[in-house]
Amino acid sequence: MGQMRRTKIVDLLQSKEFGKQIIVKGWVRTKRGNKQVNFIALNDGSCIHNIQIVVDVPDFDENLLKRITTGASVSINGELIESQGSGQSVEIKAKTIEVLGECDPEKYPLQPKKHSLEFLREIAHLRFRTNTFSSITRIRHAMIFAVHKFFTEKGFYNIHTPIITASDAEGAGEMFQVTTLNMDSVPRTEEGKIDFSEDFFGRSTNLTVSGQLEGELAAMAMAEIYTFGPTFRAENSNTSRHLSEFWMIEPEMAFYDLDDNMDLAEEFLKFLIQYALDNCMDDLLFLSKRLQEEEKNKKADERSMELIEKLRFVMENDFVRLTYSEAIDILKNSKPNKKGKFNYPITGFGSDLQSEHERYLVEKHFKKPVILTDYPKEIKAFYMKLNEDGNTVRAMDVLFPQIGEIIGGSQREESYEKLTGRMQEMDIPEKDMWWYLDTRRYGSVPHSGFGLGFERLMLFVTGMSNIRDVIPFPRAPKTAEF
RNA sequence: UCCCUAGUAGCUCAGUUGGUUAGAGCGGCGGACUGUUAAUCCGUAGGUCGUAGGUUCGAGUCCUACCUGGGGAGCCA
């Protein structure tokens, strides 16, 4: 006969099989009690809730009980019983307890008290053991799963695009170089430049800043594809909304125009949010309480909308769609612009929108998610489809309250002539892009796509305010610990 | 990268116009309590005041540089 298997706490808490012998394993959150009875709050990551272990002190060795401290791991053999206390309905009466791993309370940094998110960031290897980060971890998993579920149900194919790339023409930002050259003695050409022909790939390579271009290649045969992979930006940006390494979802669809693209983006975001509401309610309730607790000292008008209410609000409202030019008109005539409240006053067509402008549109003017379209070509990427006016491109940015741009996308330029024309204007070398241009040479079709920053979605769904708290081990300038 | 701001006990913070021996709460440890809910009550230990210079009779406190955290901006997802 094999050993009895452990039961997960999430299942025990829903069980009504009182009297049943079970094994539960996990990590001690707190222990309290007196000489007669001890209570251990045990968590195993299967849900936000702990299960209470009741220990009749006289039945156990004093030295064993002393080793059960906050953070210690234990295996407990006991009986599932109906709780006599008021805080829970089921609990476990311990028969035998084994301490799997001790945890020195003098040294263990996580104690049963409030810790700041900043402090927990410094001990990211341990922060999974807190309620906040175990909730975020479960929601993150649910969102990853929901992304694949959404696209699978729509008949999209997932494509793994390369992480190492030799193309630096994507124009999406500074790149991390990938090399095996000896940095102490770099090979040089006769002109004194670094000789990348000696490098591992025989050419200069970097980490990807986007899988879009390769995604387009796949879409030109598979029709509807998506990527979901790591993305690297070497920009020295130090904000609560940027990471050097983050995860991005990039669908690319043949035969979609910009309106189809917007429809898909809105449906996608709503699907993900609904999935969280349907599957992560315990964790959302906890994060909602946490947020309200954190903001209780703020003035009423500075507090965020209650988390679940906010998620439902997005579900129930259509996103506002308007063009860049219409947005400029609204901003130009807005109170803050007329009163000189903007740091960057709106003068007219052509100026890029600053985050203060985006926030005004989303949070003050429309008070709901906004999709801006048809930006001036000068401030957007070369591959976006040129409108008939010759000045604007069929771009779209989805703007969310609090986090700003959550999605950026466009209809792509399918005309070979127009695309190469734009590349020349923007000094993008055609020579290196021959494979991309082949899609426009052979069977080109209208197509569209967008990129969703996964951690930005996580910010919105969890209500967290710093992006470094919604990815397990954040990578940012001067930050690569763990 | 720029602007603002902070760094004092394991954590969160207080520390007066520069002045004798740097405080509190939480957490830890010891004790009390027959069912507790981040338990409660009593007691107790714990600090090279971010680092390096400087001003001063005297610096946690003032000045300079640097490091690190946080907020904002730019770049973007």
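Letters A, B, ... mirror the listed sequences (proteins, then strands); counts begin at 1.
When the side-chain nitrogen and oxygen atoms of Arg359(A) are compared with OP1 and OP2 of A73(B), one or more of them lie within a distance under 4.0 Å. A sub-4.0 Å separation between OP1 or OP2 of U36(B) and a side-chain N or O of Asn34(A) is absent. OP1 or OP2 of A39(B) lies within a sub-4.0 Å distance of a side-chain N or O belonging to Thr30(A). Applying the 4.0 Å criterion to OP1 and OP2 of A73(B), one finds that Ser355(A) has a side-chain N or O inside that range. Close to C75(B), at under 4.0 Å from its OP1 or OP2, lies no side-chain N or O of Arg241(A). For the OP1/OP2 pair of U36(B) and a distance below 4.0 Å, the side-chain nitrogens and oxygens of Gln52(A) include no atom meeting the criterion.
Between Asp397(A) and Lys380(A), at least one side-chain nitrogen of the basic residue sits less than 4.0 Å from a carboxylate oxygen of the acidic one, meeting the salt-bridge criterion. Between Arg290(A) and Glu294(A) there is a salt bridge, since at least one side-chain N of the basic residue sits less than 4.0 Å from a carboxylate O of the acidic one. Ion pairing between a basic and an acidic side chain is recognised when a charged N comes within 4.0 Å of a carboxylate O; Lys93(A) and Asp56(A) show such pairing.
None of Glu413(A), Glu216(A), Lys385(A), Gln411(A) except one satisfies the side chain to side chain donor-acceptor pair (under 3.5 Å) rule with His447(A); the exception is Glu216(A). Leu120(A) pairs in a side-chain contact (heavy atoms from CB on, under 4.5 Å) with only one of the listed residues (Thr132(A), Leu126(A), Leu110(A)), which is Leu110(A).
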Heteroatom pairs (N/O) under 3.5 angstrom, protein to nucleotides 1-7 of chain B:
from  : atom 1 : to        : atom 2 : distance (Å)
U1(B) : OP1    : Asn236(A) : ND2    : 2.8
U1(B) : O4     : Asn236(A) : O      : 3.4
U1(B) : O4     : Asn238(A) : N      : 3.4

Polar atoms only, N or O, under 3.5 Å: list the protein pairs with nucleotides 8-11 of chain B and their distances.
from   : atom 1 : to        : atom 2 : distance (Å)
C11(B) : O2'    : Lys113(A) : NZ     : 3.1
C11(B) : O2     : Lys113(A) : NZ     : 3.0

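Between the side chains of Thr30(A) and Arg32(A), at least one donor N or O sits under 3.5 Å from an acceptor N or O.
For Pro345(A), the side chain to side chain contact (heavy atoms under 4.5 Å, CB included) test picks out Asn337(A), with sequence neighbours left out. Glu358(A) meets the side chain to side chain contact (heavy atoms under 4.5 Å, CB included) test with Leu353(A), Leu399(A); sequence neighbours excluded. Residues passing the side-chain hydrogen bond (donor to acceptor under 3.5 Å, both in side chains) test with Glu250(A) are Ser210(A), sequence neighbours excluded. Remark: Gln111(A) pairs with no residue by the side-chain hydrogen bond (donor to acceptor under 3.5 Å, both in side chains) rule, at least two apart or across chains. The side-chain hydrogen bond (donor to acceptor under 3.5 Å, both in side chains) check on Thr130(A) picks up nothing, with sequence neighbours excluded. Applying the side-chain hydrogen bond (donor to acceptor under 3.5 Å, both in side chains) rule to Thr161(A) yields no partners; only residues at least two apart in sequence or on another chain are considered.
Between Phe319(A) and Phe400(A), a ring centre-to-centre spacing shorter than 6.0 Å is recorded.
A donor-acceptor contact under 3.5 angstrom links the side-chain atoms of Gln88(A) to the base of U36(B).
Annotation: proximity of residues 130-139 of chain A to RNA chain B (heavy atom, distance under 4.0 Å) is found for no residue. Near RNA chain B, meaning a heavy atom under 4.0 Å from it, residues 336-350 of chain A has Tyr344(A) in order of number.
For the side chain to side chain donor-acceptor pair (under 3.5 Å) condition, the pairs that include at least one residue of residues 460-471 of chain A, sequence neighbours left out, are Arg121(A)-Asp469(A), Arg127(A)-Asp469(A), Asn238(A)-Arg468(A).
With the 3.5 Å cutoff on both pairing distances, Watson-Crick and G-U pairs in RNA chain B assemble into runs of at least 3 at B:1-7 with B:67-73, B:10-13 with B:23-26, B:28-32 with B:40-44, B:50-54 with B:62-66.
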